Amino acid sequence: AMAGGLEPDLAALRREMSGPAALSVLIALLAVAVTFLIWRFVQGRRSSRKAVLLLGLCDAGKTLLFARLLSGRYRDTQTSITDSSATYRVSRDKSTSVTLIDLPGHESLRLQFLERFKAAARAIVFVVDSVAFQQEVKDVAEFLYQVLVDGTILKNAPALLIACNKQDVTMAKSAKLIQQQLEKELNTLRVTRSAAPTSLDSSGGPAQLGKKGKDFDFSQLPMKVEFVECSARGSKGEEGDADLEGLEKWLVKVA
């Protein structure tokens, strides 16, 4: 008797579930499933990129910075003609690591080495000589521009740190001034290069640096950009410690 009394309600529920409501539920479930699969795919691609590239002009201090991060000790360096790589453990319990790769800064080598390693980059540390910056600003901006309009880097959007090195020297320029000058120079390069782009974005069209119709600033890029002041040499020279606290904190964050 009880079953017979519930039969009309059950029949109504079956009709409801076979109508528009069921379709809506099915679409919602499919949307959740697709979103989850996309998230897993993106996370998988990101986790496969474990490299932190050290870029910059010659004599910016990349190789000494590389050595200091790995051993903490000072060492004499010379201009690199090939890459150097090593595992860098970033957490206190040493369970998290990235691969640091120091790339040559010589004009004839830097782009070919960037081409080799860019797809593996989880993050990029672009090292700037804060003392020579005023004389080198155009060259620094030129190299940084080539990095920022690269199609692979635009697509993967690795975190970017501008490491303003050699802050132990009195004449070193501040991170704020370096940022302002780089934005100005990159904006000029964008205007002069727009007629003849050398890179393609992921859609196959010319890469666009920043937002069209607006003066360039780093917040317009697809990746997060930060600036830190540091000193691979340190205020006490060869006998003292490096000042890399800001860089080390950033490495923990992006690992």
Side-chain angles (χ1 to χ4, degrees), residues 52-62 65 103-111 113-115 118 121 123-202 205-232 243-244 246-247 250 254:
V52 176
L53 308 184
L54 303 182
L55 309 179
L57 304 187
C58 286
D59 300 321
K62 299 186 304 302
L65 190 151
L103 303 186
H106 194 279
E107 186 177 5
S108 64
L109 298 173
R110 57 196 183 209
L111 290 181
F113 278 91
L114 176 63
E115 183 69 24
K118 64 185 181 182
I124 293 173
V125 178
F126 193 96
V127 185
V128 174
D129 183 337
S130 304
V131 180
F133 177 73
Q134 211 64 54
Q135 295 77 43
E136 296 180 343
V137 59
K138 292 186 182 300
D139 291 334
V140 172
E142 170 77 27
F143 184 22
L144 186 56
Y145 178 89
Q146 291 171 317
V147 173
L148 294 177
V149 298
D150 182 275
T152 300
I153 291 173
L154 282 173
K155 181 180 178 181
N156 292 340
L160 173 63
L161 183 74
I162 310 296
C164 305
N165 193 26
K166 304 188 182 180
Q167 290 291 320
D168 55 293
V169 181
T170 305
M171 299 301 291
K173 300 297 184 283
S174 69
K176 183 176 181 180
L177 185 144
I178 288 172
Q179 178 176 349
Q180 292 171 344
Q181 289 294 313
L182 281 177
E183 286 177 340
K184 182 179 178 181
E185 289 294 332
L186 288 168
N187 190 62
T188 300
L189 279 170
R190 178 177 64 170
V191 173
T192 56
R193 298 292 181 84
S194 60
T198 57
S199 299
L200 300 179
D201 65 16
S202 58
Q208 172 67 45
L209 184 67
K211 294 183 179 179
K212 191 173 182 179
K214 292 187 176 182
D215 288 342
F216 173 78
D217 66 68
F218 285 101
S219 68
Q220 298 167 3
L221 294 172
M223 70 282 288
K224 185 172 182 181
V225 183
E226 298 181 55
F227 284 72
V228 297
E229 295 180 354
C230 62
S231 172
D243 179 11
L244 302 177
L247 172 56
W250 182 83
V254 301

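The model shown is predicted, which means the values in this text are computed figures rather than measured ones. Values below: all heavy atoms of this structure, side chains included; hydrogens, waters and symmetry mates excluded.
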Find out whether Lys138 and Thr188 are in side-chain contact, i.e. whether some heavy atom of one side chain is under 4.5 Å from a heavy atom of the other. no
Student check: side-chain heavy atoms of Leu160 and Leu148 closer than 4.5 Å: yes
Within the 4.5 Å heavy-atom criterion, are Arg193 and Glu142 side-chain neighbours or not? yes
Go through the steps to decide whether Gln167 and Asp243 satisfy the test side chain to side chain contact (heavy atoms under 4.5 Å, CB included), and finish with yes or no. CA-CA 9 Å; Gln167 290 291 320; Asp243 179 11; 5.8 Å; no
Flag the pair Leu144 / Ile162 as yes when at least one side-chain heavy-atom distance between them is below 4.5 Å, and no otherwise. yes
Got a donor-acceptor contact below 3.5 angstrom from the Glu185 side chain to the Asp139 backbone? no
Distance from Arg190 atom CZ to Asp215 atom CG, nearest 0.5 Å? 7.0 Å
So NZ of Lys62 and CZ of Arg110: to nearest 0.5 Å the spacing works out to 9.0 Å
Close side-chain approach of Glu136 to Leu57, heavy-atom, < 4.5 Å: yes
Non-hydrogen atoms of Lys166 and Asp129 that approach each other most closely: NZ-OD2, 2.9 Å
Side chain proximity check, Val147 to Leu114, heavy atoms < 4.5 angstrom: yes
Could you tell me whether Glu229 and Lys176 make a salt bridge, using a distance below 4.0 angstrom between a side-chain N and a carboxylate O? no
Taking the side chain as every heavy atom from C-beta outward, state whether Ile178 and Ser130 have any atom pair closer than 4.5 Å. yes
When you compare the side chain of Ile124 with that of Ile153, does any pair of heavy atoms fall below 4.5 Å? yes
What distance do Leu103 atom CG and Leu111 atom CG have between them, rounded to the nearest 0.5 Å? 10.5 Å
To check you understand the geometry: which heavy-atom pair defines the closest contact between Phe216 and Asn187, and what is its length? N-OD1, 3.0 Å
Give the minimum heavy-atom separation between Val254 and Ala123, together with the two atoms involved. CG2-CB, 4.0 Å
Once you measure the plane-to-plane angle for Phe143 and Phe126, does it fall in the parallel (<30°), tilted (30-60°) or perpendicular (>60°) bin? tilted
To the nearest 0.5 Å, how far apart are NZ in Lys211 and CG in Asp217? 8.0 Å
Tightest non-hydrogen contact, residues Thr152 and Asp150, listed as N-OD1, 2.9 Å
If you look at every heavy atom in Lys173 and Gln134, which pair is closest and at what distance? CE-OE1, 3.4 Å
Minimal non-hydrogen separation, Cys164 against Phe227, with atom names: SG-CD2, 4.2 Å
To the nearest 0.5 angstrom, please state how far the CH2 atom of Trp250 sits from the NZ atom of Lys224. 10.5 Å
For Asn165 and Val127, indicate whether the former's side chain and the latter's backbone hold a donor-acceptor pair under 3.5 Å. no
